[in-house]
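Only one structure is covered here, and it is reproduced in the block below.
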Amino acid sequence: MSHRGPDGDGLLGWSRSGGYSHDDGGNHEVVLGHRRLSIIDLTDGGQQPMRTGDGRFCLTFNGEIYNYIELRAELASQHGRRFSSDSDTEVLLVAWDVWGEGCLARLEGMFAFALLDTRERRLFVVRDPFGIKPLHFTSGPGGLRFASEIKPLIADSDRVANPAQVFSFLRWGAVDADEQTFFSGVHKLGAAEILTVDLESGEISRRSYWDVRPNRPTRYDHGEALAEFRHLFLETVEHHLRADVPVAATLSGGLDSSAICGAVRRLQPESPLTVFSYIAEGASSEEKWIDIVAREKALDVVKVRVDESAVLRELPTLVRSQEQPFGSGSIYAQYKIFEAIAGHGYKVMLDGQGADECLAGYKALVPNRLHDLIMQGRLDAAARLYVAHARRDPGSRAMIAKRTARLFMPGGLAPLARRVAGQALDLPFGDRSWFDSQNLDLARDEARQFSDARTLDAALTGALGQDVLPALLRYADRNAMAFSVENRVPFLSRPFVEMAFRLPPDLLVSPDGRTKAALRDAGADLLPEAIRTRHDKIGFRATEEQWMRADPEWTREQLAAARTLPFVDGRLLDATVDQFLAGDDRSGQMLFRLIVLRTWSECFDAGFA
């Protein structure tokens, strides 16, 4: 865990009979540990675990409270509290002392923390509203154990793969969709969840303390809505810049990262800003867009070029860092970006993650807006939107039409439609008997994977909390912390997201076919015009099939090793590999996922019951 906090460590135990002790032995009822990455208040005043003066509360905290300055001022002026440090950790500790759990509604930040209340004999374990900071736990006869990563929780135990996660991953590419992990018995605390342990009874309870609730107006003032958006966007970026170390940013050339860089430049017009950009090869390169933003906003660009196929050689390293399987090699480029950031001496960076999920940036959300318009009887508006979006992005015309039609299909017909289209439920190389022996309902799993959210708000809340964002946040956290870098995501500020879910739908997907319309319009002066009007964001497109075919010997060797897995039929696997290497792409992604899963099993010595 030292990579998550190389700047210091602390350990504190507590028991009713002996009080607090720094001794890691003894009969402690609660032991809290911490590894420190110094960002705010670099002195020893920020050391953890941290106690209140009377010893009632003790806190270990991972993350940042971005509005700690405002909270500190309120606690001092209105509640007479004094502070012995400049750390946000102390502000969080005092805030809980004053407001209890009510302080959570006041926090703007990313966090996972554990707080011991020695008077009430309770331990509270809390995760931020979006799950930006990780928290995993196990519970059993030995008590509750929790950590920011899984490795410490499985260090002295047998590792057994979770069969439900294995099938969902291999067949559908699903990861991080619920509280389960790939390790049986290891769970993750959900976003906006608080876990409470009653130290007297040993009872453990979990509940949510917040959820996003769409509240779209039927009538609105366009100018006022954009003004509120702009104010909150600049404010959240300003708060995310708070640090006692230099802050960098990533720049992909797309709308979101460009908007953040533009906001930083507006807030700090004279300060240097270093950005890190991944430069792909060939048609996937976004270098020209990166250069446009860098010139207009006077940014210092560090361009990172990656041998994409090297992900095959570095797969074990990446798997160990991620701790769980991943379905695409695209995260390798991000891994190398963070390596470069750390190599240039930065500990903090700003990233554009989260905008697509709260501002409807994915083109796959356009069908949901079309669905809403049709259900409201606004057929003309739906037709105009479809035509306008097709003109902006002709390549998505067929996808938009198919997805929209699927939203009007009864849910029970989806599996039948997939069979008619020749898409089987079983794995092409699988031995179903093993999954059946695990009492898995594979048909139900398929139905869950294809239970499309119909309305735009349902799709956005799903993307934010289950379908998309949790995996992306896990990838970014592990990639960043592998190099002791803190990854900050301004678009996932609670006040900003709450505002985003109050925006009129036309400011998400506009009548003229623009996604993220509010960001394009409210941030017009923050963005180069070429970026503001851009609709062809490429992103990093992994080409796992190309990499695997480029090195068939490696591919056959890796997949031959997978023959020993109990759910793999060797004969079917050999036939599938032969077809894939001959040019059949239908199973390419599943074969890559099988390689990743086998590598994960080997790296963590995880068995299959």
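Basis for what follows: all heavy atoms, side chains included, without hydrogens, waters or symmetry-related copies. None of the values given here were measured: they were computed from a predicted structure.
- With ring centers used as reference points, Tyr475 lies 6.0 Å or more from Tyr335.
- In summary, the side chains of Thr274 and Tyr346 do present a donor paired with an acceptor at a separation below 3.5 Å, with no hydrogens or angles considered.
- Of all heavy-atom pairs between Met1 and Arg35, the closest is O-CG, 3.8 Å.
- Looking at Asp506 and Arg369, a side-chain N of the basic residue comes within less than 4.0 Å of a carboxylate O on the acidic one, giving a salt bridge.
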Would you sort out whether Arg81 and Glu90 count as a salt bridge (Lys or Arg N to Asp or Glu O under 4.0 Å), showing the intermediate values?
-> CA-CA 11 Å; Arg81 294 308 181 99; Glu90 187 179 12; over 6 Å; no

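- Phe276 and Phe338 have their aromatic ring centers separated by at least 6.0 angstrom.
- Classification of Arg384 and Asp512 as a salt-bridged pair fails, no side-chain N sitting under 4.0 Å from a carboxylate O.
- Between Phe326 and Leu318 the shortest side-chain heavy-atom distance falls below 4.5 Å.
- Shown here is Arg206, whose CZ atom has more than 12 heavy atoms of other residues, nucleotides or ligands within 6.0 Å.
- With ring centers used as reference points, Phe111 lies 6.0 Å or more from Phe61.
- When only modelled atom types and interatomic distance are considered, Thr89 and Ser87 share no side-chain donor-acceptor pair under 3.5 Å.
- A salt bridge is defined here as a Lys NZ or Arg NE, NH1 or NH2 lying under 4.0 Å from an Asp or Glu carboxylate O, and Arg454 with Asp372 fails to meet this definition.
- Using a 4.0 Å cut-off between charged nitrogen and carboxylate oxygen, Glu498 and Arg494 count as a salt-bridge pair.
- Atom CE of Met399 sits in a crowded spot, with more than 12 heavy atoms from other residues, nucleotides or ligands closer than 6.0 Å.
- A 4.5 Å side-chain heavy-atom check between Asp477 and Lys133 finds at least one atom pair inside the cut-off.
- Residues Val366 and Asp393 have side chains not in contact (no heavy-atom distance under 4.5 Å, counting atoms from C-beta outward).
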Residue pair Asp521, Arg514: steps toward the salt bridge (Lys or Arg N to Asp or Glu O under 4.0 Å) verdict = CA-CA 10 Å; Asp521 293 344; Arg514 296 176 303 142; 2.8 Å; yes

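- A salt bridge does not link Glu70 with Arg106: none of the charged nitrogens is closer than 4.0 Å to a carboxylate oxygen.
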